[in-house]
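Below is one structure, written out as structure tokens; the observations come after it.
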Amino acid sequence: MNRFNEYKEFIKDKHVSFIIKKTERIVYGVYMLARFVPAEDTLTSDLKKNSHALLKTSSQFVSTTGISQTAIDSMYSHLQYLSSLLSLAFISGYISSSNIEIMKNEINYLHKHIEELSTHSASERGQLQIKSEHFIVQQHKATNPVKQESSSLSFIKKENPRSETNLSFKKTPKLS
């Protein structure tokens, strides 16, 4: 069994499942390290509060409509804040250099995975993504004016192989 897809019954996207499990593992690590920070230091509560927020934000990735940019930005923000808090715990002498290195690597790995997920095309996630550059209207100057009562749109095949799409619209005269 893939340890990062234990939620496969209700989270169909394995990438989202991975992000949630990786987030949980980071939060577990934070809780383990927070035990070394004195309880009276506000750093302890800040680490735990941010960890809770991180878990809550990762749960927003479970959606039938796709992952919102707001959730992604929030996740990045929480990861950055957590990284800063852990650096502060290290500088204060509460956690070791090996522990901070492990945590920072895990945070960076999660950040990278979220970035990869957010750059997947919507069609790969089962959604239709339409961009304005897919619809290019080409207008040519007519050398001989044609009397035209009405016009219609037709498809033409573009010959540029570098184009993202090979179809565009062209206005064609309707002859009477």
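Please read all numbers here as calculations on a predicted model, not as lab measurements.
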I need the minimum non-hydrogen distance between [X] and [Y], along with the two atoms involved.
X: Leu85; Y: Asp46; result: CD1-O, 3.6 Å
X: Ala71; Y: Thr57; result: O-CG2, 3.5 Å
X: Ile100; Y: Phe90; result: CG2-CD1, 3.9 Å

Checking side-chain polar atoms at under 3.5 Å, does Thr70 have a donor or acceptor matched by the opposite partner on Ser68? no
After noting the C-alpha distance and the side-chain angles of Glu115 and Lys112, does the key distance pass the salt bridge (charged side-chain N to carboxylate O under 4.0 Å, His left out) rule? CA-CA 5 Å; Glu115 190 173 328; Lys112 180 183 172 200; over 6 Å; no
Determine, stepwise, if the pair His111 / Ile114 fulfils side chain to side chain contact (heavy atoms under 4.5 Å, CB included). CA-CA 5 Å; His111 187 279; Ile114 293 168; 5.8 Å; no
If two hydrophobic side chains count as joined below 4.5 Å and joins carry through other members, does Ile102 share a cluster with Ile107? no
Worked check of side chain to side chain contact (heavy atoms under 4.5 Å, CB included) between Ile95 and Met103: CA-CA 11 Å; Ile95 61 175; Met103 291 302 293; 6.0 Å; no
To the nearest 0.5 angstrom, please state how far the [atom1] atom of [X] sits from the [atom2] atom of [Y].
X: Ile26; Y: His78; atom1: CD1; atom2: NE2; result: 13.0 Å
X: Asp41; Y: Tyr94; atom1: CG; atom2: OH; result: 4.0 Å
X: Leu110; Y: Lys21; atom1: CG; atom2: NZ; result: 13.0 Å
X: Ile19; Y: Ser58; atom1: CD1; atom2: OG; result: 8.5 Å
X: Ser118; Y: Asp73; atom1: OG; atom2: CG; result: 9.0 Å
X: Asn50; Y: Gln80; atom1: CG; atom2: CD; result: 10.5 Å

Are the side chain of [X] and the backbone of [Y] linked by a donor-acceptor contact shorter than 3.5 Å?
X: Ser51; Y: Leu47; result: yes
X: Ser92; Y: Leu88; result: yes
X: Thr44; Y: Glu40; result: no

Is there any salt bridge (charged side-chain N to carboxylate O under 4.0 Å, His left out) pair reaching into residues 93-111, and which pairs are they, with sequence neighbours excluded?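 Sorted result for residues 93-111: Lys22-Glu106.
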Does the side chain of Ile72 come within less than 4.5 Å of Leu117's, by heavy atoms?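 In short, these two side chains do not touch, never coming nearer than 4.5 Å.
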Using atom types as modelled, flag every donor-acceptor pair under 3.5 Å from a side chain in residues 28-35 to any protein atom, sequence neighbours excluded.
{"residue": "Tyr31", "atom": "OH", "partner": "His52", "partner atom": "NE2", "Å": "2.5"}
{"residue": "Arg35", "atom": "NE", "partner": "Met32", "partner atom": "O", "Å": "3.3"}

Below 30° counts as parallel, above 60° as perpendicular, anything between as tilted: where do the rings of Tyr109 and Phe18 land?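 Perpendicular, since the angle between the ring planes exceeds 60°.
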